[in-house]
Amino acid sequence: MPKNVGVEPVFSRLTSGLPYLIHLYGDITMLLTQKPKSRYRGRQSKRPEITPHQAKQKAIRLLRENRLSPMAVQVTEALATGGVLTSGQLYHVTTVSPRTLQKYHKQYLLDRLPILADELMALDLADDPAKLRLYTLGPVGLEVARIRHEHVPTGYTGYGTHRIIHDVLTNEVVLRLAALAVERGYEPLWYSKYEATVHDERGNPALEPDAMPAVPRDGVYRYFVVEFHNEDKRTRARSKVDRYERVYRDGRWRNELETDEMPAVLAVFTHKIVGKGYREAISSRSMRPRCVFLGKSWRDVIAGDDMARWFNFNQGKMVDILED
DNA sequence: CTATAAGCCCACTCAGGCGC
DNA sequence: GCGCCTGAGTGGGCTTATAG
């Protein structure tokens with residue numbers, strides 16, 4: 001990809017850990033349905049604050065002296081790509097234990113985001129709800145990532161719950177799709193939303209997908225962009241379709257994404273009305289869309305539905321996105 | 001108070017490096 | 001080869017802090 005030249009996307013190195021992804025998490029479902037009301041409960045971290053300058057010095061030292069373990073690299077890379085992941089997601093990507101994550105936190109590599117008590121209580125399927133944590137890059141991890149990547153997701157501590165959950169669920173979609181791809185013998189890649197962004201002629205973002213997984217096919221990587229909708233407005237779908245079509249015609253994406261084939265859009269929606277919106281937007285166009293739009297409901301994702309089977313809005317039928 | 005999370009200590013495994 | 005050390009990751013078990 002153009003933006004992170006010389007940097008391997010996370011998944012290219014993580015295929016060995018991926019089979020762990022297969023079983024259902026369940027630790028995610030309730031994050032969506034529960035409204036944030038209760039506050040953080042339990043002991044709070046008393047890790048002393050450090051200045052951004054101190055963090056940068058630590059990061060430079062860690063890299064120069066080669067003192068970042070392979071596991072630490074994998075974890076920071078995963079977070080640099082996905083922004084915010086649960087301890088469960090991190091485990092399924094890297095096989096890192098909660099204990100080690102705690103250590104990384106202490107070393108300023110990671111930050112924790114408070115998980116709300118009610119949402120924890122609502123867990124029913126989780127293997128170990130007590131160990132569920134939300135992690136983002138910490139001050140040092142952020143600086144490490146900045147040295148490796150042009151754009152790094154930041155600011156989660158300032159984001160509202162809705163936004164954080166949006167990103168966690170987006171990552172869940174990517175991880176589950178990747179897990180299936182690995183199961184079928186492919187080596188999937190995982191690009192961040194920054195790497196997936198396409199700009200207009202003035203340099204402003206024209207498309208800002210939530211993530212960009214890629215799966216090889218016939219020796220060439222085939223890209224998908226994820227659009228995760230956890231709102232219930234059908235009009236958002238129409239504007240997305242219009243925007244993708246505009247960007248397609250513009251053609252700039254070929255250079256920015258370094259691909260000859262426009263990535264297919266994987267639209268995941270928590271409200272059926274959004275899927276309906278896509279359907280109407282596509283069928284009502286006078287010209288047949290040039291982009292491929294695929295849809296799946298979040299309900300199906302967490303129910304363990306086959307992650308390769310998506311509804312193709314253009315053709316009006318189910319397809320297998322890894323084989324068709 | 002209780003429930004929950006963070007902190008801390010110890011012990012174990014495993015891999016790599018070093019000296020002999 | 002062997003023994004020894006060190007660092008990383010891990011898990012158990014206990015203590016301490018804090019919101020409700």
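Order of the sequence lines fixes the chain letters, A, B, ..., with proteins taken first and strands second; residue numbering starts at 1 for each chain. Note that the structure is a prediction, hence the values are computed from the model and not measured.
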Novice: Taking only side-chain nitrogens and oxygens of A/K106, does any of them come within less than 4.0 Å of OP1 or OP2 of B/dA6?
Specialist: no

Novice: Could you tell me which residues satisfy salt bridge (charged side-chain N to carboxylate O under 4.0 Å, His left out) with A/D218, sequence neighbours excluded, listed by chain and number?
Specialist: none

Novice: Within less than 4.0 Å of OP1 or OP2 of B/dG7, is there a side-chain N or O belonging to A/R112?
Specialist: yes

Novice: Looking only at N and O atoms, is any donor in the side chain of A/R43 or the base of B/dT4 less than 3.5 Å from an acceptor on the other one?
Specialist: no

Novice: Going by salt bridge (charged side-chain N to carboxylate O under 4.0 Å, His left out), name the pairs with one or both residues in residues 84-102 of chain A, residues two or more places apart or in two chains.
Specialist: none

Novice: Only counting residues at least two apart or in another chain, list the ones meeting side chain to side chain contact (heavy atoms under 4.5 Å, CB included) with A/K106.
Specialist: none

Novice: My understanding is that only residues two or more places apart in sequence, or in another chain, count here; which of them pass side chain to side chain contact (heavy atoms under 4.5 Å, CB included) with A/I273?
Specialist: A/D232, A/R234, A/H271

Novice: Give each protein N/O atom lying under 3.5 Å from an N/O atom of nucleotides 5-10 of chain C, with the pair distance.
Specialist:
unit_1, atom_1, unit_2, atom_2, d
C/dA8, O3', A/S69, OG, 3.4
C/dG9, OP1, A/S69, OG, 2.2
C/dG9, OP1, A/Y104, OH, 3.0
C/dG9, OP2, A/S69, OG, 3.4
C/dG9, OP2, A/Y104, OH, 3.3
C/dT10, OP1, A/T95, O, 3.0
C/dT10, OP2, A/S97, N, 3.1
C/dT10, OP2, A/S97, OG, 3.1
C/dT10, OP2, A/T100, OG1, 2.3
C/dT10, O5', A/S97, OG, 3.4

Novice: Would you list the pairs meeting salt bridge (charged side-chain N to carboxylate O under 4.0 Å, His left out) in which at least one residue belongs to residues 301-311 of chain A, sequence neighbours left out?
Specialist: A/R184-A/D306, A/K296-A/D305

Novice: Please identify each residue that fulfils side chain to side chain contact (heavy atoms under 4.5 Å, CB included) with A/D250, with sequence neighbours left out.
Specialist: A/E201, A/R252

Novice: Angle, rounded to 10°, between the helical axes spanning five pairs at each terminus of the helix from B/dC1-C/dG20 to B/dC20-C/dG1?
Specialist: 10°

Novice: Rounded to whole Å, please give me the gap between CD in A/Q44 and P in C/dT16.
Specialist: 19 Å

Novice: Can you see whether A/E77 engages A/H149 through a side-chain donor-acceptor pair at a distance of less than 3.5 angstrom?
Specialist: yes

Novice: Among all residues two or more places apart in sequence or in another chain, which pass the side chain to side chain contact (heavy atoms under 4.5 Å, CB included) test with A/T170?
Specialist: A/H166, A/D210, A/A211, A/V226, A/F228

